[in-house]
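Only one structure is covered here, and it is reproduced in the block below.
Note: hydrogens, waters and symmetry copies are ignored here, and every other heavy atom, side chains too, is used. In this text, all values refer to a predicted model and were calculated from it rather than measured experimentally. Numbers restart at 1 for each chain; the letters A, B, ... are given by sequence-line order, proteins then strands.
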There are 2 protein chains.
Amino acid sequence: MELFAEHGYDGTTVAEIAERAGLTERTFFRHFADKREVLFAGSDELAERVAQLVVDLPPAPPLAAVTAALSSAFGDQLDGLLSWARQRQAVIAANRELGEREVAKLGSLTAAISQALGRRGVDGPTARLAAEAGMVAFRVAFDRWIADDLPAGEPLGERIRRCAAELGAVTAGPLDLAQPDSAAATATSTASS
Amino acid sequence: MELFAEHGYDGTTVAEIAERAGLTERTFFRHFADKREVLFAGSDELAERVAQLVVDLPPAPPLAAVTAALSSAFGDQLDGLLSWARQRQAVIAANRELGEREVAKLGSLTAAISQALGRRGVDGPTARLAAEAGMVAFRVAFDRWIADDLPAGEPLGERIRRCAAELGAVTAGPLDLAQPDSAAATATSTASS
DNA sequence: GTCTATAGTCCGATAGAC
DNA sequence: GTCTATCGGACTATAGAC
């Protein structure tokens with residue numbers, strides 16, 4: 001993080017990171033599969049922990065279990081680390097490959113949660129949708145938490161629950177248009193080359 | 001796609017792709033920012049098209065507009081290209097970097113949809129959540145469409161609407177646990193090292 | 001089109017811990 | 001003896017600079 005803050009991610013070579021840590025470049029690659037991974041150390045273990053929380057929770061609707069597990073795993077750990085989280089997010093946002101790695105990690109977490117719901121007896125399709133819905137709430141809540149200018153705003157756990165509630169409101173409405181895509185659909189109904 | 005099917009993505013060099021196309025390696029990088037992009041050509045234009053559809057639709061609830069636009073843009077174009085889509089997804093699924101690029105592209109599409117909803121007068125937070133919700137429905141529907149063994153199953157557009165409806169059901173329930181994370185939260189309530 | 005740097009892999013060698 | 005962590009060199013492909 002020191003080197004990234006100084007020269008940026010792209011401007012920092014693996015050799016420099018290794019040297020700062022008192023190691024060689026080759027050793028770095030024994031610990032991290034690629035350069036990006038150094039910013040996501042421990043994410044697999046965290047996903048496992050969230051999954052375990054989902055499994056262990058008392059009976060509840062699927063989405064409630066997901067948001068409770070996410071709040072419990074991230075809310076308590078991250079509140080107090082706001083400035084560190086901001087710094088890390090700034091580095092990630094400034095680099096395309098890092099952003100891609102991050103969404104991929106979030107995807108793995110989604111899959112782990114879906115599987116954990118399955119172990120609670122939730123059927124496959126519902127588990128997938130509840131996991132995706134919970135992760136939408138988490139990502140939106142996290143982004144708001146990072147973006148807030150307030151030094152000590154609403155804690156992350158509260159935000160997650162509120163975002164999940166807002167998501168429920170958005171998905172509650174009817175899905176059919178008054179005149180089902182009359183203009184839009186006919187314009188593309190024939191196969192284009 | 002021919003070369004990827006023969007030797008796999010990693011086993012195919014940019015030089016080979018360029019040669020097959022009658023070009024040089026450097027010219028390839030003039031058309032595509034990196035090797036991965038060759039599998040996502042036209043995705044930016046497609047995102048723009050979806051956004052335009054969202055803007056142009058008649059008045060409707062935000063999520064209904066999103067699913068209608070996605071169905072209209074992808075449903076008609078992709079049905080009939082199922083085997084091609086399966087081949088492409090197989091290549092992407094077999095390579096980590098390609099999977100990461102794909103989720104990143106889907107993230108860009110989500111942002112474009114959210115912005116388009118803003119131009120319909122939807123407020124920011126609701127736009128984001130409706131875009132995310134619609135994309136969850138799209139991704140789940142797409143995965144089911146690809147995975148189905150049936151040669152001619154339910155068309156993609158129908159699946160999207162059904163997944164959105166299922167998502168509404170999942171997010172409808174109460175969000176609080178009976179005993180708000182009594183066991184799970186207390187175990188991690190103190191700051192861990 | 002040429003040149004170059006960096007990421008990442010494969011080979012093997014060494015040394016300490018148990 | 002086995003496991004694991006370190007290191008070194010040679011090598012290729014991606015990708016950027018010019």
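- In this structure, Arg101(B) places its CZ atom 13 Å from C1' of dA15(D), rounding to the nearest Å.
- The cluster map of Ile, Leu, Val, Met, Phe, Trp and Tyr, joined by side-chain heavy atoms under 4.5 Å apart, puts Leu70(A) and Leu175(B) in different clusters.
- Rounding to whole angstrom units, CG of residue Asp10(B) and P of dC10(C) are separated by 11 Å.
- Rounded to whole angstrom, the span from the CG atom of Leu23(A) across to the C1' atom of dA15(C) amounts to 15 Å.
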What verdict does the salt bridge (charged side-chain N to carboxylate O under 4.0 Å, His left out) test give for Arg101(A) and Glu37(A), after you've listed the backbone C-alpha separation in whole Å, the side-chain angles of each residue and the deciding distance to 0.1 Å?
CA-CA 8 Å; Arg101(A) 177 59 54 87; Glu37(A) 280 296 301; 2.6 Å; yes
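- Atom pair Tyr9(A):OH and dT6(C):C1' shows a separation of 11 Å (rounding to whole Å applied).
- The nucleotide whose nearest atom lies closest to any side-chain atom of Thr13(A) is, among dT9(C), dT6(C), dA15(D), dT6(C).
- Out of dG8(D), dT14(D), dA17(D), the shortest distance to the side chain of Arg26(B) is found at dA17(D).
- Rounded to whole Å, atom P of dT12(D) lies 14 Å from atom CD of Glu16(B).
- For Glu6(A), the CD atom sits in a packed shell: over 12 heavy atoms of surrounding residues, nucleotides or ligands are nearer than 6.0 Å.
- Residues passing the ring pair (Phe, Tyr, Trp, His ring centres under 6.0 Å) test with Tyr9(B), sequence neighbours excluded: Phe4(B).
- When rounded to the nearest whole Å, the span between CZ of Phe28(A) and P of dG8(D) equals 17 Å.
- For Arg86(B) (side chain) and Ile146(B) (main-chain N/O), a donor-acceptor pair under 3.5 Å exists by modelled atom type.
- Rounded to whole Å, the distance from CZ on Phe29(A) to P on dC11(D) is 19 Å.
- Checking Thr24(B) against Ala15(A), the closest nucleotide of DNA chain C that is more toward the 5' end is the one next to Thr24(B).
- At least one side-chain heavy atom of Asp79(B) sits less than 4.5 Å from a side-chain heavy atom of Trp145(B).
- The separation between Glu25(A) atom CD and dA5(C) atom P is 14 Å, rounded to whole Å.
- Less than 4.0 Å separates DNA chain D from at least one heavy atom of each of the following residues of residues 30-40 of chain A: Arg30(A), His31(A).
- Listed nucleotides dA17(D), dA7(C), dC10(C) differ in distance to Val14(A); the shortest reach to its side chain belongs to dA7(C).
- For Thr27(A) and dC7(D), the shortest distance from a side-chain N or O to OP1 or OP2 is below 4.0 Å.
- The backbone N or O of Thr13(B) sits less than 3.5 Å from a side-chain atom of Glu16(B), completing a donor-acceptor pair.
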